[in-house]
**Student:** 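First the structure, which I've put down as structure tokens, then a few questions once you've had a look.
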Amino acid sequence: MVGELQIRWKKRFLNLMVVLLAIFSVFHFSVIVLHAGPINPISAKLQSQINAYVTPFFQQNWHLFAPNPVTTNFKLYVKVRYTEPGKNEIVESKWLDMVSPMLKKNEETLFSPYNRLIRLGSGYVHELKLGGHDELTYELLNTITDDSPLYDRIDEKMNKHIEDQKRMTYRYVSAYAKAAFPDKRVLSVQFMTGQQDAVPYSKRNDENYRVEEKFIIYEWREIDHDVLPFP
């Protein structure tokens with residue numbers, strides 16, 4: 001009797017999980033479609049809620065497709081200021097490439113936390129470099145003048161968005177710095193983004209062709225003590 005009751009409850013639990021998973025899947029992909037699809041009255045009205053859900057893990061767009069596919073690779077570098085144990089002299093590290101080592105570690109195993117870490121960092125950098133705003137915002141900016149009150153409100157919103165992404169990126173690089181210098185007293189961090197165009201198709205077989213990498217260096221900030229180090 002007890003065994004039959006347990007089996008019955010297990011079946012009910014599994015059925016409930018299937019139903020909940022189905023509901024979540026419908027919700028999730030509906031939000032992604034609204035976010036990545038063309039602007040419409042529903043996505044415009046729910047823009048703030050949609051962006052809060054998809055950023056940064058589920059960020060989607062059409063930049064991989066024609067007519068204007070993304071042809072740029074972004075990288076993230078960090079520089080750290082720290083002191084040795086028992087010393088007061090401040091040491092400054094060289095620029096450290098955050099992306100390449102994590103990509104390598106992610107490729108070494110199928111199930112890796114670095115996959116999500118890479119996506120997280122990539123989301124922050126893309127938001128900084130590409131703006132992270134919807135098509136409607138940019139269309140409005142193209143149709144209004146600089147002295148319009150609406151232009152000022154949109155510009156203020158975009159600047160706030162960029163500052164929020166900078167703050168999150170500093171938290172991200174702080175976690176990396178703690179992992180990279182576990183036996184040091186890390187004081188502050190600075191990050192730099194690298195932007196590199198893809199190799200043109202006509203140069204794909206040219207071994208001597210080199211793509212120029214453009215950099216933007218951000219200011220030093222105190223390390224964020226509230227984040228945990230990377231694994």
Side-chain angles (χ1 to χ4, degrees), residues 51-52 54-59 61 63 70-108 112-133 137 154-199 210-231:
N51 289 340
V54 301
T55 304
F57 292 113
F58 307 119
Q59 191 83 12
N61 55 53
H63 291 158
V70 168
T71 57
T72 302
N73 296 317
F74 295 119
K75 297 186 74 173
L76 185 62
Y77 303 87
V78 62
K79 188 181 283 189
V80 180
R81 286 176 178 166
Y82 61 89
T83 59
E84 297 283 354
K87 296 183 180 180
N88 295 323
E89 181 183 0
I90 298 177
V91 181
E92 185 174 304
S93 73
K94 62 181 181 179
W95 284 112
L96 304 174
D97 179 2
M98 291 183 57
V99 177
S100 298
M102 286 196 291
L103 285 173
K104 184 178 180 180
K105 289 183 178 179
N106 182 59
E107 293 169 356
E108 291 174 352
S112 167
Y114 290 96
N115 180 275
R116 185 54 59 91
L117 287 173
I118 293 169
R119 288 173 59 85
L120 185 62
S122 175
Y124 293 147
V125 174
H126 277 75
E127 291 278 318
L128 278 174
K129 303 294 291 186
L130 298 179
H133 292 279
T137 300
I154 294 176
D155 185 61
E156 181 182 355
K157 178 184 176 183
M158 294 178 72
N159 288 334
K160 181 180 182 302
H161 178 80
I162 291 175
E163 185 57 39
D164 288 342
Q165 294 306 310
K166 284 175 62 177
R167 179 177 56 82
M168 297 305 296
T169 307
Y170 276 108
R171 287 176 59 84
Y172 184 76
V173 299
S174 292
Y176 175 86
K178 289 181 178 181
F181 299 89
D183 57 339
K184 316 294 184 186
R185 179 171 173 264
V186 180
L187 304 174
S188 55
V189 291
Q190 181 183 35
F191 73 89
M192 173 175 67
T193 57
Q195 179 176 336
Q196 194 174 41
D197 293 334
V199 176
R210 295 291 181 270
V211 180
E212 180 185 2
E213 188 171 6
K214 302 175 183 177
F215 302 97
I216 296 180
I217 300 176
Y218 294 82
E219 71 273 12
W220 285 96
R221 288 192 185 181
E222 182 182 358
I223 190 171
D224 196 316
H225 297 284
D226 295 333
V227 297
L228 296 174
F230 280 3

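Both backbone and side-chain heavy atoms feed into the values below; hydrogens, waters and symmetry mates do not. Since the model is a prediction, treat every value here as computed from it, not as a measurement. The residues of the chain are indexed from 1 along the displayed sequence.
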**Student:** Which pair of heavy atoms, one from E163 and one from R221, lies closest together, and at what distance?
**Tutor:**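 Result for this residue pair: OE2-NH2, 2.8 Å.
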
**Student:** Check step by step if side chain to side chain contact (heavy atoms under 4.5 Å, CB included) holds for T193 and F191.
**Tutor:** CA-CA 7 Å; T193 57; F191 73 89; 4.2 Å; yes

**Student:** Can we call the ring centroids of F230 and Y172 under 6.0 Å apart?
**Tutor:**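 Centroid separation for F230 and Y172: below 6.0 Å.
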
**Student:** Using the rule given for side chain to side chain contact (heavy atoms under 4.5 Å, CB included), can you reason through E222 versus Y170, listing the C-alpha separation, both sets of side-chain angles and the distance that settles it, and then say yes or no?
**Tutor:** CA-CA 9 Å; E222 182 182 358; Y170 276 108; over 6 Å; no

**Student:** Count the heavy atoms belonging to other residues, nucleotides or ligands that lie under 6.0 Å from CG of L103, then report whether that count exceeds 12.
**Tutor:**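 Atom CG in L103 is crowded, with more than 12 foreign heavy atoms closer than 6.0 Å.
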
**Student:** Within a reach of under 6.0 Å around CG of D183, are more than 12 heavy atoms found that belong to other residues, nucleotides or ligands?
**Tutor:**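 Enclosed: over 12 neighbouring heavy atoms sit under 6.0 Å from CG of D183.
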
**Student:** Please report the closest heavy-atom contact between A179 and P182, naming both atoms and the distance.
**Tutor:**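 Looking at all heavy atoms of both residues, the closest pair is O-CD, 3.4 Å.
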
**Student:** Quick one: are E84 and K184 in side-chain contact, heavy atoms under 4.5 Å?
**Tutor:**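 Side chain of E84 against side chain of K184, heavy atoms only: contact under 4.5 Å found.
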
**Student:** Measure from the side-chain N and O atoms of Q190 to the backbone N and O of Y218, and report whether any donor-acceptor pair falls under 3.5 Å.
**Tutor:**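 Yes; at least one donor-acceptor contact below 3.5 Å.
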
**Student:** Can you see which heavy atom on D97 is nearest to which on P101, and at what distance?
**Tutor:**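 Where D97 meets P101 most closely, the heavy atoms are O-CD, 3.1 Å.
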
**Student:** Do you know the tightest heavy-atom contact between K178 and D224?
**Tutor:**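 Scanning both residues completely, I find the closest heavy atoms to be NZ-O, 3.3 Å.
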
**Student:** Check V80, V78, V186 against S93 for a side-chain contact (heavy atoms from CB on, under 4.5 Å) and give me the one that passes.
**Tutor:**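 Option passing the side-chain contact (heavy atoms from CB on, under 4.5 Å) with S93: V80.
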
**Student:** Determine whether more than 12 heavy atoms belonging to other residues, nucleotides or ligands lie under 6.0 Å from atom CZ of R171.
**Tutor:**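 More than 12 within 6.0 Å, yes.
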
